[in-house]
Amino acid sequence: MMIDGVEPIVAALGGLAAPAPAGLTGKVFTGWLAAPSRLGEVFVAFTGDGVQFVRPAESVHGDADAFAEAYRDRFGRPLRPADRAPAGLLPALRGRPAPSLRLDLRRLPDFERDVLGATRRIPAGQTRPYGWIAREAGRPRAVRAVGSVLARNPVPLLVPCHRVVRADGRLGDYMFGPAHKEELLRAENVDLDQVAAFAQQGVHYLGSDTTGVVCFPTCHNARRISPAHRHGFRTIGIAVAAGYRPCRHCRPGVEAASA
DNA sequence: ACTTTGACAGGGA
DNA sequence: GTCCCTGCCAAAG
């Protein structure tokens with residue numbers, strides 16, 4: 001870890017009277033700016049390595065100083081205004097695909113990084129349960145810890161934690177309130193009414209009897225199953241026992257066999 | 001439907 | 001370091 005030696009040096013550079021080379025600025029200070037998003041105006045902090053922190057202006061009472069303080073509490077570094085946004089940030093905040101967007105999640109604990117990484121892979125317009133994230137992150141039983149991580153998601157919207165929902169079909173909580181979660185999902189065209197209707201009947205997975213594949217209801221494959229060939233299942237185990245195979249796209253996991 | 005128990009990573013004492 | 005406690009859950013009573 002040669003990085004250990006680099007940080008103090010870089011910090012010392014920040015104290016020199018002469019301006020640091022432009023390329024270093026993002027490593028010494030963190031830039032911030034305000035930008036429009038699907039949650040209204042947001043404050044965004046980023047280094048040269050990517051975006052680190054996003055908070056709706058509303059959540060800090062529109063106060064940029066409060067945002068800077070929250071950032072400092074968490075990352076231990078000061079903020080200075082930035083002149084331009086990192087590549088991809090503005091489209092991403094509007095919910096548009098932005099492959100060029102980079103996130104700086106290096107200093108997070110492994111588990112948090114893995115949880116956020118798995119969450120980031122949920123396609124727009126789809127949802128996954130907390131248990132799915134736990135499994136993708138390599139800790140299938142750390143379901144509740146996943147919730148704890150997402151409650152502190154440093155980069156909401158960019159890591160779409162609003163797409164992580166409860167296994168029973170309810171939406172679950174959201175750092176800025178469940179109403180915003182629902183709003184974001186509906187804006188992505190998730191058919192929440194259909195999900196709720198299925199859940200009402202105890203159905204949490206959908207299979208096609210023509211392909212023999214079973215999916216989460218919001219998977220784009222599931223949404224193409226015609227009602228005539230659609231079968232609902234309460235658990236993935238029941239579907240597998242009926243000869244269905246878990247979809248390779250949405251990867252509904254086989255839950256632990258009940259002894 | 002509601003309550004209890006299980007499980008677990010992180011943060012604070 | 002170690003307990004202790006909490007929390008966007010989940011499955012069983």
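Only a predicted model underlies this, so the values are computations on that prediction, with no experimental measurement involved. Below, each value reflects all heavy atoms present in this structure, side chains not excepted, and no hydrogens, waters or symmetry copies. Per chain, numbering begins at 1; letters A, B, ... match sequence-line order.
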Between A/Q200 and A/D110, whichever has its closest DNA chain B nucleotide further toward 5' is A/Q200
For the residue pair A/H162 and A/H180, is the inter-centroid distance of their aromatic rings smaller than 6.0 Å? no
Check: A/F233 ring centre within less than 6.0 Å of A/Y244 ring centre: yes
Of C/dC9, B/dA9, B/dA7, the nucleotide closest to the side chain of A/R141 is B/dA7
A/R234 CZ to C/dA11 P, in whole Å, measures 10 Å
Within the 4.0 Å heavy-atom criterion, would you say A/A151 contacts the bases, only the backbone, or no part of the nucleic acid? base
Using whole Å, report how far CZ of A/R113 lies from C1' of B/dA9. 14 Å
Give the nucleotide from the list B/dG10, C/dA10, C/dC8 with an atom nearest to the side chain of A/V143. C/dA10
Just compare C/dG7, C/dA10, C/dC8 and give me whichever is closest to any side-chain atom of A/D173. C/dC8
Between CG of A/D168 and P of B/dA1 the distance, given in whole Å, is 11 Å
Closest approach to the side chain of A/R166, judged atom by atom: which nucleotide of B/dA9, C/dG7, C/dC9 is it? C/dC9
Measure from the side chain of A/A167, starting at C-beta and using heavy atoms only, and say which of B/dC8, C/dA11, C/dC8 lies closest. C/dA11
Select base, sugar-phosphate, or nothing to describe what A/P178 touches, counting heavy atoms under 4.0 Å on all strands. nothing
Between atom CG in A/L157 and atom C1' in C/dC8, what is the gap in whole Å? 15 Å
Tell me: OH of A/Y174 to P of C/dC9, nearest whole Å? 15 Å
If you compare all heavy atoms of A/R120 against all heavy atoms of A/P160, which two are closest, and at what distance to 0.1 Å? CA-CD, 3.8 Å
Given C/dG7, is OP1 or OP2 found less than 4.0 Å from the side-chain N or O atoms of A/R144? no
State whether A/R152 places a side-chain N or O below 4.0 Å from either non-bridging phosphate oxygen (OP1 or OP2) of B/dG11. yes
Just grab all the salt bridge (Lys or Arg N to Asp or Glu O under 4.0 Å) pairs involving residues 188-215 of chain A, residues at least two apart or on different chains. A/R38-A/E188, A/R163-A/E188, A/R186-A/D193
Hey, does the side chain of A/R77 reach the backbone of A/F75 with a donor-acceptor pair shorter than 3.5 angstrom? no
Can you check the A/I133 CD1 to C/dG7 C1' distance for me, whole Å? 17 Å
Checking contacts here: which listed nucleotide (B/dC8, C/dG7, C/dC8) is nearest the side-chain heavy atoms of A/A142? B/dC8
Rounded to whole Å, the NE2-P distance (A/H204 to C/dA10) equals 10 Å
Rounded to whole Å, the CD1-C1' distance (A/I238 to C/dA11) equals 14 Å
Nearest to the side chain of A/P109, which nucleotide is it out of B/dA9, B/dG10, C/dA10? B/dG10
